[in-house]
Protein chains: 2
Amino acid sequence: MSGRIAPRSRKETRAAVLESLLRSGGAFRPLIARDTQLTEASVSRILAELRSEEIVEELRRPAPYVGGPTALVTLSNDIPVAGIELSNNRLSFGIGGLGGTVDYVERLPVSPQLRQEEFEQLFSDSLATMRRWTGTRGIAIRQAAFSIPGYSRTHANPIFPWDMERLSGFLGDALEGVPLAITNSVIAQAAFHRYSNVAAYPAEGDHLFLFVGHGVAGVVVNETAPIDAFSPFELGHMVIERGGLACRCGHKGCLEAYTSLRAISTIVGVAESEVLQQGDRFIDLLDLGRDIRERLRERLFLLGLGVGNALNLHPVSSVVISGWPSLMSDADRAAISAGIDESLLGGFDAERLKLSFIAPSIGNDPQAALYYAAHCFVRAGGLEAKAEPQAVLGENA
Amino acid sequence: MSGRIAPRSRKETRAAVLESLLRSGGAFRPLIARDTQLTEASVSRILAELRSEEIVEELRRPAPYVGGPTALVTLSNDIPVAGIELSNNRLSFGIGGLGGTVDYVERLPVSPQLRQEEFEQLFSDSLATMRRWTGTRGIAIRQAAFSIPGYSRTHANPIFPWDMERLSGFLGDALEGVPLAITNSVIAQAAFHRYSNVAAYPAEGDHLFLFVGHGVAGVVVNETAPIDAFSPFELGHMVIERGGLACRCGHKGCLEAYTSLRAISTIVGVAESEVLQQGDRFIDLLDLGRDIRERLRERLFLLGLGVGNALNLHPVSSVVISGWPSLMSDADRAAISAGIDESLLGGFDAERLKLSFIAPSIGNDPQAALYYAAHCFVRAGGLEAKAEPQAVLGENA
DNA sequence: GCACAATAATTACACAGTGTAAATATAATG
DNA sequence: CATTATATTTACACTGTGTAATTATTGTGC
């Protein structure tokens, strides 16, 4: 937490406390108070409230030192949230608790060109299966989140030619009152990596998070802003070479045409679908010849060129890259810095720009969406997403 | 105002009311209440307070309709603020009131390669002159603002190789306690154009503001964020042509190398300094041959290419361009759209992207900085920028 | 095993800032 | 000049916070 100022509504204060707990995964009160910039008195009040609503739990722990705190506060794991992810090769459903447990998963293969009607059919079927599962257990989902590559609240996405109004309408009907958040996959990814295990994340402060996979997506992780305000962007469709390789978007010379998993798979001679099946470590399995390695480095250089340009437009001092480049050796990755050096104003300087890599989490979908759902629940202060004034009117109109 | 939520500190509430007044240039109470999302009761209280402090004034006006409002609320014009602008060809000082009046101006020619020591000398001299002026009139500046091209709080600027710590230190000393805000020129420009005359501005909602002059700078105007949180960026140093024209930054193929005033001046055969002297309408004065026109269009196309890429990274649906391209004919400007069409994901579509032009305001410096100073005064709720807790300590340490 | 030390956690109370609603003011209209 | 319609102020209640006093908890040393 940070960037907030004292007077807040109860909902916001609850959200601040819950958010702190979600990020830390459990903490003692003095820590919560510091993190949320509240007094212990306020924390005490809020926690009493949250405990009575069974949103948080307190585990008795021996004090770690004389007079130390005695109860470890954690989020209840009995609040079920649902995460749904659509990627270019599958649709996955999951149910879990706020603590990060995953209790139910279903995954369906889909084609990258999935039509909206097909999707709706698939979704309805899976949802029915999921309902059966929750039904027998008497579980009521408190918050759902759906992540889509390239999703944007404000912009239509030419790469994902679905009717977004129809989509929200459909989902709203399908989920029957369960609060739903739709977000861009790269936001969910970034939030999951950044906050689900704070200690393991290589960056702090505002930075760029990039995911290089089927596409090349980026997001500005603004530490003081709420996650749903992060700005996602399509780095993959930055034109880095006028008149260059043809891209699926119709343009020529897009970064994606050079550095997407698909573009790479033609170089290494493995189909993209196979790469996805092999998961995280596919590059280790390959015996890359000198030639192939060289070509991959060229592509990494171009990625760097794009990243440098992105940094000219989003000036931050740290970049975290996830995706296939994270699987390459340091020597290979040096090509990225070289590319940045050619485009970033002032050149690449390890003193001023921290470049980190984290393993792409292929195969653990829909963990990110699940995390995002937990985040949304928590952001609303754990209060049922009461219909906004307008929405109330809307229901009758 | 917008994007805020109900409970606020007094300072914030004052800021909201004052900001509303600064933007509207004066309003009746019911309007203020709507704009700030406060009740009339709260507005009444705040205004009573501000009136007693002589920050706002109420002009008796006949009610415009039965039972209509009777007093027009405006910001006092007796609150002196100072604006200082550094551009590539001059340093200008100004003093004015919150209402937009300019009471004092001094402008000094400087070279684009001004060294920091020279600057300090010039600044001290001008400040002394200004002090004499305020001294004889018994005027005490309440807020000062200084705008610099390429300034960034977080990043050193390789184009502007000054020591920023030394700069703030120097300015702090020089201004002796007058609260000072330093900002990027493009932010001051954008804020000035956007809010000093709301009705005349061609865009609403979040958008990109670009200034094409000595450099090519951009800023994301986020309507819900405070102005000082706008994100400025150096569009000019996006590499749009690998191995292209050499740029002053040391790279090749930067947008600036093709579209800056300097790049253009070599095409039209007029020195940049002359262009600046001729002011806003320099292009009208030239008899552009077919050839020159064609070359300018090529440059506008490249500008469009860069803008499209910028939009891929900052997805907004409106762009406002100020600078020499604003002086070109519609037919010429079409080249910009053509460029955008080649890089923006999904192509250029007038339905989805609004492209507007506003006349560059050459020669009325330091109006923008002056406006920014007024904005800073207002943002602090018209309260003396009390030293923050840390700063207080700092003074004794 | 017990008093003590040291910090945690709760609670009573005061204060800031808001909205609601009642009271009062203002000016055009007939 | 009363009426009308809306603006403006004021009294009061309510929310949420911080301060400071109070109570709880547990390791340490005797």
Side-chain angles (χ1 to χ4, degrees), chain A residues 1 4-18 20-21 24 26-53 56-74 381-383 386 389, chain B residues 1 4-18 20-21 26-52 56-74 381-383 386 389:
Chain A
M1 240 70 356
R4 288 194 220 247
I5 4 113
R8 291 182 281 217
S9 69
R10 191 52 144 243
K11 184 175 158 183
E12 284 176 290
T13 310
R14 290 169 55 118
V17 170
L18 291 172
S20 170
L21 288 172
S24 65
F28 295 106
R29 285 162 187 241
L31 220 144
I32 300 172
R34 243 175 297 149
D35 196 37
T36 53
Q37 296 186 285
L38 289 165
T39 57
E40 303 236 359
S42 288
V43 171
S44 181
R45 274 188 294 259
I46 299 289
L47 284 181
E49 201 175 289
L50 292 172
R51 204 174 25 194
S52 81
E53 294 172 30
V56 304
E57 284 165 2
E58 284 185 309
L59 304 176
R60 269 217 119 50
R61 281 289 161 85
Y65 49 86
V66 187
T70 116
L72 181 69
V73 185
T74 57
L383 300 163
K386 276 184 212 110
Chain B
M1 240 69 3
R4 287 193 222 248
I5 5 115
R8 291 182 282 218
S9 69
R10 191 51 146 245
K11 184 175 160 185
E12 283 176 291
T13 311
R14 288 168 57 118
V17 170
L18 290 171
S20 170
L21 288 171
F28 295 106
R29 286 162 186 244
L31 219 143
I32 300 172
R34 244 174 296 152
D35 197 36
T36 54
Q37 296 185 282
L38 290 164
T39 56
E40 303 236 357
S42 288
V43 171
S44 180
R45 274 188 295 258
I46 300 290
L47 284 180
E49 201 175 289
L50 292 171
R51 202 173 27 195
S52 80
V56 305
E57 284 166 1
E58 284 186 308
L59 305 174
R60 270 218 117 49
R61 280 290 160 82
Y65 49 87
V66 186
T70 116
L72 181 68
V73 185
T74 58
L383 301 163
K386 273 182 216 115

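Chain letters run A, B, ... following the sequence lines, proteins first, then strands; residues in each count from 1.
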Between [N] ([atom2]) and [X] ([atom1]): distance, integer Å:
X     : N      : atom1 : atom2 : result
A:R34 : C:dA8  : CZ    : C1'   : 13 Å
A:E58 : C:dA8  : CD    : P     : 14 Å
A:L50 : D:dG16 : CG    : C1'   : 15 Å
A:K11 : D:dG16 : NZ    : P     : 12 Å
A:R10 : C:dG17 : CZ    : C1'   : 16 Å
B:L38 : C:dT20 : CG    : P     : 12 Å
A:E49 : C:dT10 : CD    : P     : 13 Å
B:R29 : D:dT9  : CZ    : C1'   : 9 Å

Requested in this report: Just jot down the side-chain contact (heavy atoms from CB on, under 4.5 Å) partners of A:R61, sequence neighbours excluded, or say none.
Outcome: A:F28, A:L59, A:L72
Query raised in the report: Partners of B:S42 by side-chain contact (heavy atoms from CB on, under 4.5 Å), sequence neighbours excluded?
Result: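 B:S42: side-chain contact (heavy atoms from CB on, under 4.5 Å) contacts with B:L38, B:T39, B:R45.
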Query - side-chain contact (heavy atoms from CB on, under 4.5 Å) between A:L18 and A:I46, intermediate numbers included - result: CA-CA 10 Å; A:L18 291 172; A:I46 299 289; over 6 Å; no
**Report entry** Earlier contact from the 5' end, DNA chain D, for A:I46 and B:A48
**Finding:**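 With B:A48 and A:I46 compared, the 5'-side residue is B:A48.
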In Å, rounded to the nearest 0.5 Å, how long is the span from [atom1] of [X] to [atom2] of [Y]?
X     : Y     : atom1 : atom2 : result
A:R14 : A:T36 : CZ    : OG1   : 14.0 Å
B:E40 : B:L47 : CD    : CG    : 10.0 Å
B:S20 : B:Q37 : OG    : CD    : 11.0 Å

Report summary line: Its contact letters, B for base, S for sugar-phosphate only and - for none at protein heavy atoms under 4.0 Å, make nucleotides 19-30 of chain D read B-----SBSS--
Query - Contact under 4.0 Å: B:S9 side-chain N or O vs C:dG17 OP1/OP2 - result: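 Checking C:dG17 against B:S9, no side-chain N or O comes under 4.0 Å of OP1 or OP2.
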